[in-house]
Chemist: 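Below is a structure I'd like to ask you about.
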Number of protein chains: 2
Amino acid sequence: MDQRKASNAKRGGAPTSADVARLAGVSQATISLVLNGRASKVRISEETRKRVISAAAQLGYTPNHAARSLRQRSTKIITFVLPTLENPYYSDIVSAAQIAAQQHGYAVSVIPARTKPGEFHALSLLQGAAFDGIVVAGRENCAAPELLQLAARGVAVVALQERSPDPSIYSVSVDLEAGGYLATRHLIELGHRRIAHVMEELPRPDTWRDRVDGYRRALAEAGLPLDPSLVVITENSMAGGCKAIEQLLLDRQRPTAAFMYNDQMAVGALHALRTHGLRVPDDFAVVGFDGLAMGQFTAPPLTTIDHPRRDIGRIVIETLIGAIEKGSLEVKQHLLPVKLLVRESCGGLEAPNQKP
Amino acid sequence: MDQRKASNAKRGGAPTSADVARLAGVSQATISLVLNGRASKVRISEETRKRVISAAAQLGYTPNHAARSLRQRSTKIITFVLPTLENPYYSDIVSAAQIAAQQHGYAVSVIPARTKPGEFHALSLLQGAAFDGIVVAGRENCAAPELLQLAARGVAVVALQERSPDPSIYSVSVDLEAGGYLATRHLIELGHRRIAHVMEELPRPDTWRDRVDGYRRALAEAGLPLDPSLVVITENSMAGGCKAIEQLLLDRQRPTAAFMYNDQMAVGALHALRTHGLRVPDDFAVVGFDGLAMGQFTAPPLTTIDHPRRDIGRIVIETLIGAIEKGSLEVKQHLLPVKLLVRESCGGLEAPNQKP
DNA sequence: ATGAAAGCGCTAACAC
DNA sequence: GTGTTAGCGCTTTCAT
């Protein structure tokens, strides 16, 4: 009653800049100037600056995010839309992204979108410009038409491992084809002739060259036939890898090696082989894909195709922030190299058995 | 120039409710009424309703999140602050939470806070009420004084696996002590006498009973001595588990079994044992903690303490939304039961070897 | 049944 | 140097 307006803090909510202004005996504008560092334009006297700082500290003032975002038309949040948190693959990417983003004053969050098609929805709901930029992973998510709309409205979008026909959507990918080639060639060099590839279902095979294309190339290069019964499609999980291998072992002409879609599936594969009494790598060789930390601790340690995950995270953020702040970028598509990481699941130097 | 105000859509941004209003030939208020379903109060004629819907669809209108949040003082977002995405432990929790939240009209996001103390900061920055509720995991994060402040301002906070002295912070936990007891007793029943416990550093041992307390209880109950050299503290990772076991194997009086802090560390333990030529469970038994899917695929499959992760996720959300909407809740602390999941890493029925 | 207008908390022109 | 003012896009009384 003594004030035109009750202090917000008194009302139980968070203190507002008006509260700070009242306490410091200055105007709201001054608060904003000081707290956003624009006081460096020497427009604010050192004396007031200190008063404002201390008043803000005393009240525990934090600017209201919604209000600021509304006014500035920018949230300073970049979000990752991931199919699941189950696979630690994204862990390093997100960590690296977070560090890079922080340096530019952005925060990163993750929203897990269930892979069921309809539920990209969760994002669509959030997209009243709740984020300045989004990075999308997972085929289902990348395919969503909402992405184009977002991009059209000025939200920066980068797709992980997925090329969009629309040029407004950037992409950062790893060279899957090269990875597939490297993995398969490694197996061939070790003497294997019947090499299986276990993969997940690929919805739009023409969009992007995947592991299987590199697998084919390596086979062709070595003059090895491509046996369709050796390419099995399964669910993307440890259990899926396990089942796929069991199926392959039923074949009257067993393969002697398998190149697995990713490390998770490879873990399943190792398990299936062990269960069936096959020794790895002596009886059967396995190559994974991703380079997860886990691969060091499998039995035996997993030979795999390592991804530069920290680089991915950093480049994603640089791309996104570039797009947000400059509007448009020269290079729309980044393609990062992979490398073969030799551990023990293929044997190293000794010649493996030829098919039994 | 033909309108008082240029359409926002024309300016390249997202369409606003004013744009929709103009197109439908009604007022902004009507748009809001219709789109928020408050038209069910029969205040809006079916005719206008349809016109609004179609105008909105035509423009691809989505309400601006910042503006709505500002006006309603609520964001309808609940965020998880997790120490890392590396450990898939949280995956199921977050999934279950997302499903529950969605039913109440809330979205869930995750923000990974690096465990280094200073960097809870990232959150503190975001907390200009950017979220209606937050759930915090990880000791470092839970300990942050910012939490109390947030709670004081009306942000609902639940801590995972951590009891706060402040009653305004809710908690949902699993009965760690019981888990430790179950794991250790299982080992004792199998005939082990020298049982190690590998754990991570616990900063404030008095806050909450942890696995190690259950371990002590089981030992005491069986009249077994507590040998301090058998309790080793290591980094929380597969590599940490590995190193801890290697250290234990150096002991002139080796343990015959280890109860590991979590499944990740247990994976490291299995690896170390394998490397040193010990057979599990014949030469050494291992119990994990968490019940990750991964445990089915280790060599051998891991006996562990399973957590009701889906229940945790659901209860967290119910608690949070209850707190947000009702203001205060009867039950502040939830303690959920765990159960022993017997696989093969301890042997099942046959008696293990007594110490070598 | 609908429109007009106020205001959420903040920042950015523009005054003084 | 600092205060005043005008919105950002939305929801919500209160009029009509």
Chemist: Do B/Arg68 and B/Asn36 have a side chain donor and acceptor closer than 3.5 Å?
Modeler: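 The criterion, which ignores hydrogens and geometry beyond distance, is satisfied for B/Asn36 and B/Arg68.
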Chemist: Minimum heavy-atom separation for B/Leu70 to A/Ala67, with atom names?
Modeler: CD1-CB, 3.7 Å
Chemist: Is a side-chain donor-acceptor pair under 3.5 Å present for B/Ser109 with A/Ser109?
Modeler: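 Judged by distance alone, the side chains do not pair up.
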Chemist: In this structure, how many angstroms lie between the P atom of D/dC8 and the CD atom of B/Gln72, rounded?
Modeler: 19 Å
Chemist: Tell me which one of B/Ile44, B/Thr48, B/Val26 satisfies side-chain contact (heavy atoms from CB on, under 4.5 Å) with B/Leu33.
Modeler: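 Among B/Ile44, B/Thr48, B/Val26, the one meeting side-chain contact (heavy atoms from CB on, under 4.5 Å) with B/Leu33 is B/Ile44.
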Chemist: Separation of A/Ile31 atom CD1 from C/dA12 atom C1', in whole Å?
Modeler: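 The answer, rounded to whole Å, is 16 Å.
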Chemist: Please state how far atom CG in B/Asn36 lies from atom P in D/dC10, giving the value in whole angstrom units.
Modeler: 11 Å
Chemist: For A/Ser32 and for B/Val26, find the nucleotide of DNA chain C with the closest heavy atom, then tell me which residue's nucleotide is more 5'.
Modeler: B/Val26
Chemist: Looking only at side-chain N and O atoms, does B/Arg71 come under 4.0 Å of OP1 or OP2 in C/dA6?
Modeler: no
Chemist: What is the separation between atom CD on A/Glu47 and atom C1' on D/dT2, rounded to the nearest whole Å?
Modeler: 13 Å
Chemist: How far apart are the C-alpha atoms of A/Val316 and A/Phe80, what are their side-chain angles, what is the distance that settles it, and do they pass the side-chain contact (heavy atoms from CB on, under 4.5 Å) test?
Modeler: CA-CA 10 Å; A/Val316 159; A/Phe80 278 74; 4.3 Å; yes
Chemist: Using OP1 and OP2 only, check whether a side-chain N or O of B/Arg68 sits under 4.0 Å from D/dT11.
Modeler: yes
Chemist: Using OP1 and OP2 only, check whether a side-chain N or O of B/Ser17 sits under 4.0 Å from D/dC10.
Modeler: yes
Chemist: For A/Gln28 and C/dG7, give me the distance from atom CD to atom C1', rounded to whole Å.
Modeler: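 Going from A/Gln28 (CD) to C/dG7 (C1'), I get 13 Å.
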Chemist: Quick one: is B/Asn64 getting a side-chain N or O under 4.0 Å of the D/dC8 phosphate, OP1 or OP2?
Modeler: no
Chemist: I want to check one thing: is the phosphate of C/dG3, taken as OP1 and OP2, less than 4.0 Å away from some side-chain N or O of B/Thr30?
Modeler: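 It does, given that an N or O in the side chain of B/Thr30 lies less than 4.0 Å from OP1 or OP2 of C/dG3.
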Chemist: Please report, rounded to the nearest Å, how far the P atom of C/dT11 is from the CG atom of A/Leu33.
Modeler: 10 Å
Chemist: Would you say a side-chain N or O of A/Thr16 is under 4.0 Å from OP1 or OP2 of C/dC8?
Modeler: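 Checking A/Thr16 against C/dC8: no side-chain N or O falls below 4.0 Å of OP1 or OP2.
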Chemist: Could you check how far CZ of A/Arg73 sits from P of C/dC10, rounded to whole Å?
Modeler: 18 Å
Chemist: For DNA chain C, whose closest nucleotide is more 5', that of B/Leu70 or that of B/Ser27?
Modeler: B/Ser27
Chemist: Rounded to the Å, how far apart are A/Arg51 CZ and D/dG1 P?
Modeler: 15 Å
Chemist: At less than 4.0 Å, is any side-chain N or O atom of A/Arg49 found next to OP1 or OP2 of D/dG1? Yes or no.
Modeler: no
Chemist: Could you check whether A/Ser69 gets within reach of a base, just the sugar-phosphate, or nothing at all, counting any heavy atom under 4.0 Å?
Modeler: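 The answer is nothing, as A/Ser69 stays clear of every strand by at least 4.0 Å.
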Chemist: When you get a sec, tell me which of D/dT12, D/dG1, D/dT4 is the closest nucleotide to the side chain of A/Ser45?
Modeler: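 Shortest atom-to-atom distance from the side chain points to D/dG1.
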